[in-house]
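Have a look at the structure below, then the notes.
Quick note on labels: first sequence line is chain A, next is B, and so on, each numbered from 1. Heavy-atom basis, side chains included; hydrogens, waters and symmetry copies ignored.
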Number of protein chains: 2
Amino acid sequence: MPEGDKKMAEGLQSVILTMQIVEHVARTGKGVGVTSLATALGTSKSRIHRHLQTLVQQGYVFQHEDSERYEIGHQLVSLGQAVLDNSGLVGASRDSLLALRDRIGRSAVASQLTPEGMLVIATVRGPSPIEIGVRVGSLLSFNGSAQGKVAAAFSSEAFQQRVLTGELTAYTEHTITDPEQLAAEFAEIRARGWATAPNQAALGLNTLASPILDASGAACGTVGIVDLAQSLDAEPDPEHIAAVLDTARRISVLMGHSGALPFG
Amino acid sequence: MPEGDKKMAEGLQSVILTMQIVEHVARTGKGVGVTSLATALGTSKSRIHRHLQTLVQQGYVFQHEDSERYEIGHQLVSLGQAVLDNSGLVGASRDSLLALRDRIGRSAVASQLTPEGMLVIATVRGPSPIEIGVRVGSLLSFNGSAQGKVAAAFSSEAFQQRVLTGELTAYTEHTITDPEQLAAEFAEIRARGWATAPNQAALGLNTLASPILDASGAACGTVGIVDLAQSLDAEPDPEHIAAVLDTARRISVLMGHSGALPFG
DNA sequence: AACATAGTTTCGATCAGCGGGACAAGGTGG
DNA sequence: CCACCTTGTCCCGCTGATCGAAACTATGTT
């Protein structure tokens with residue numbers, strides 16, 4: 001061991017390997033073999049085999065009965081779903097999301113506030129043949145997404161400070177990385193109730209988002225529409241803004257908010 | 001050790017514990033503490049703590065910064081979603097499912113064939129205020145669900161034999177557990193292209209399902225509608241049957257099937 | 001028939017990870 | 001304000017769960 005720290009500082013190896021295996025098997029659509037996993041993760045066949053056997057036994061991985069390849073089991077899906085389920089947001093937003101999509105014909109997306117970022121919890125694909133949108137499970141930053149900015153703008157002062165003083169990663173050259181500029185935009189967003197982020201999360205894309213407020217009046221999530229930057233301006237169509245604001249208010253009510261908007 | 005097998009036959013303990021922790025944290029909507037986890041899983045605080053630390057470090061679990069409770073991280077959602085994503089079915093069926101729901105006003109559901117059963121991969125809630133339906137991630141049996149029966153009926157002879165000779169669990173008193181009776185129903189289903197399962201998976205519920213066929217002509221999944229047994233007969237409304245068959249055919253085409261139905 | 005490549009199993013050595021207990025930080029109530 | 005809980009976190013020496021390497025089996029290929 002060349003540069004080993006005397007203590008263990010990297011975490012429990014079996015845990016890491018377990019999750020690496022699960023991740024690998026899950027991402028690789030079709031069956032994976034012991035050997036390819038072993039080389040991919042840089043460890044021995046027998047180790048992988050034992051871990052896989054245990055995962056099979058626990059139902060997280062499934063082994064094709066021809067005694068060949070390993071595939072991901074259904075428990076993983078169920079697990080991921082459980083996370084979404086016990087966020088009341090996903091249930092409250094599903095129907096409104098559909099209505100929003102139908103009303104203005106764009107991909108609609110709902111996200112939930114987490115301390116690490118905005119977690120995309122539900123999406124509805126737009127009518128466009130091209131697939132535009134965000135994946136469920138993605139995490140959007142507070143400085144580089146309309147969702148993040150709008151949620152931060154409607155969170156506590158302390159939270160905003162944490163965002164502003166934290167690291168502001170640039171995802172594109174249009175991402176806001178200057179704390180002052182971001183603070184100014186927060187104020188603006190708070191006043192009008194919506195945010196956009198043209199080319200800020202990814203070049204060519206834009207999102208229009210509004211906050212979902214809970215009983216305490218703080219943001220707990222966002223709803224919005226996603227489209228190509230060329231079709232969705234930094235100052236979007238007033239009709240679109242109205243539709244998003246309206247949807248946000250409706251979901252907010254379901255989440256226990258009074259419905260009285262603290263803006264425009 | 002009372003009845004210990006001399007060797008390890010139970011699988012790697014750290015793997016088991018890891019998944020138990022993840023499961024526990026995921027199912028418990030809100031934050032869990034080290035101590036409660038330790039008692040719930042019957043092990044020591046330090047062990048749980050180390051495992052949790054590693055999971056945090058890997059991003060699967062998130063620790064509230066007040067240095068208090070542990071919650072599930074976003075990676076899990078992303079992982080479960082990945083499983084769904086690399087089944088082309090979920091993408092192909094989403095829109096058709098909505099159309100089906102809108103056409104006949106019932107909860108619509110799509111499932112995918114797996115060797116263990118039918119995995120529910122997409123659902124659309126009906127307009128009814130009561131929530132009727134199946135959860136994404138659920139696994140439906142081959143003998144006790146319309147989805148399972150229809151998929152088996154449109155699978156290979158060998159597959160059907162495996163189902164018929166396997167264990168036929170009774171979920172209700174109406175579940176078919178007699179192999180001969182089940183074989184007869186398979187034949188019938190294959191001839192007409194749809195199946196129902198009134199009160200067979202759960203008392204009070206019924207499902208009408210049709211097969212999604214792939215390029216090879218074998219079933220790779222199902223679409224269908226779910227409703228109360230009293231609203232959905234064993235011999236459903238011809239209009240509903242037509243709608244479901246139609247939807248199934250459309251999705252089948254997206255999956256590479258010719259569209260020429262091998263039945264009615 | 002020899003070879004190649006897959007998954008599985010065995011076995012003894014070893015170090016990763018365990019238990020138990022100390023420690024710090026809040027919270028509570030007397 | 002101070003004992004007294006109850007948290008989560010950290011430390012350390014012992015040990016058995018887990019590892020690597022190699023043998024074994026089964027299939028497919030040359």
> Counting only N and O atoms by type, is there a donor-acceptor contact under 3.5 Å from the side chain of A:S111 to the main-chain atoms of A:M118?
Replying inline: no

> Hey, does the side chain of B:T207 reach the backbone of B:A146 with a donor-acceptor pair shorter than 3.5 angstrom?
Replying inline: no

> Regarding B:Q53 and B:H49, is there a side-chain donor-to-acceptor distance under 3.5 Å anywhere?
Replying inline: yes

> Cut-off 3.5 Å, side chains only: do B:T18 and A:T18 have a donor facing an acceptor?
Replying inline: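 The answer is no; no qualifying pair exists.
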
>> Just to verify, what does B:F142 make a ring-ring contact (aromatic ring centres under 6.0 Å, His included) with, not counting sequence neighbours?
In response: B:F159

> Which residues pass the ring-ring contact (aromatic ring centres under 6.0 Å, His included) test with A:F154, sequence neighbours left out?
Replying inline: A:F263

Protein-nucleotide distance ([X], atom [atom1]; [N], atom [atom2]), rounded to Å:
| X | N | atom1 | atom2 | value |
| --- | --- | --- | --- | --- |
| A:L41 | D:dG20 | CG | C1' | 16 Å |
| B:I48 | D:dG8 | CD1 | C1' | 13 Å |
| B:R69 | D:dT7 | CZ | C1' | 9 Å |
| B:Q53 | D:dT9 | CD | C1' | 8 Å |
| B:L55 | D:dT9 | CG | P | 13 Å |
| B:H64 | C:dG26 | NE2 | C1' | 17 Å |

>> Using the side-chain heavy atoms of B:K45, tell me which of these nucleotides is nearest: C:dT8, D:dT7, C:dG17.
In response: D:dT7

Examine [N]: is either OP1 or OP2 under 4.0 Å from a nitrogen or oxygen in the side chain of [X]? Give yes or no.
| X | N | value |
| --- | --- | --- |
| B:H49 | D:dT9 | yes |
| B:Y70 | D:dT7 | no |
| B:Q63 | D:dT9 | yes |

Between N or O atoms, less than 3.5 Å apart, protein on one side and nucleotides 18-20 of chain C on the other: list the pairs.
unit_1 : atom_1 : unit_2 : atom_2 : d
C:dC18 : OP1    : B:R47  : NH1    : 2.8
C:dC18 : OP2    : B:R50  : NE     : 3.3
C:dC18 : OP2    : B:R50  : NH2    : 3.3
C:dG19 : OP2    : B:S44  : OG     : 2.6
C:dG19 : N7     : B:S46  : OG     : 3.2
C:dG19 : O6     : B:R50  : NH1    : 3.4

> Hey, are the side chains of B:Q200 and B:S145 touching, using non-hydrogen atoms and a 4.5 Å cut-off?
Replying inline: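 No, every pair of side-chain atoms sits at 4.5 Å or beyond.
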
> Want to settle it: does A:Q13 or A:V34 sit nearer the 5' end of DNA chain C, counting the closest nucleotide to each?
Replying inline: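 Nearest nucleotide further toward 5': that of A:V34.
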
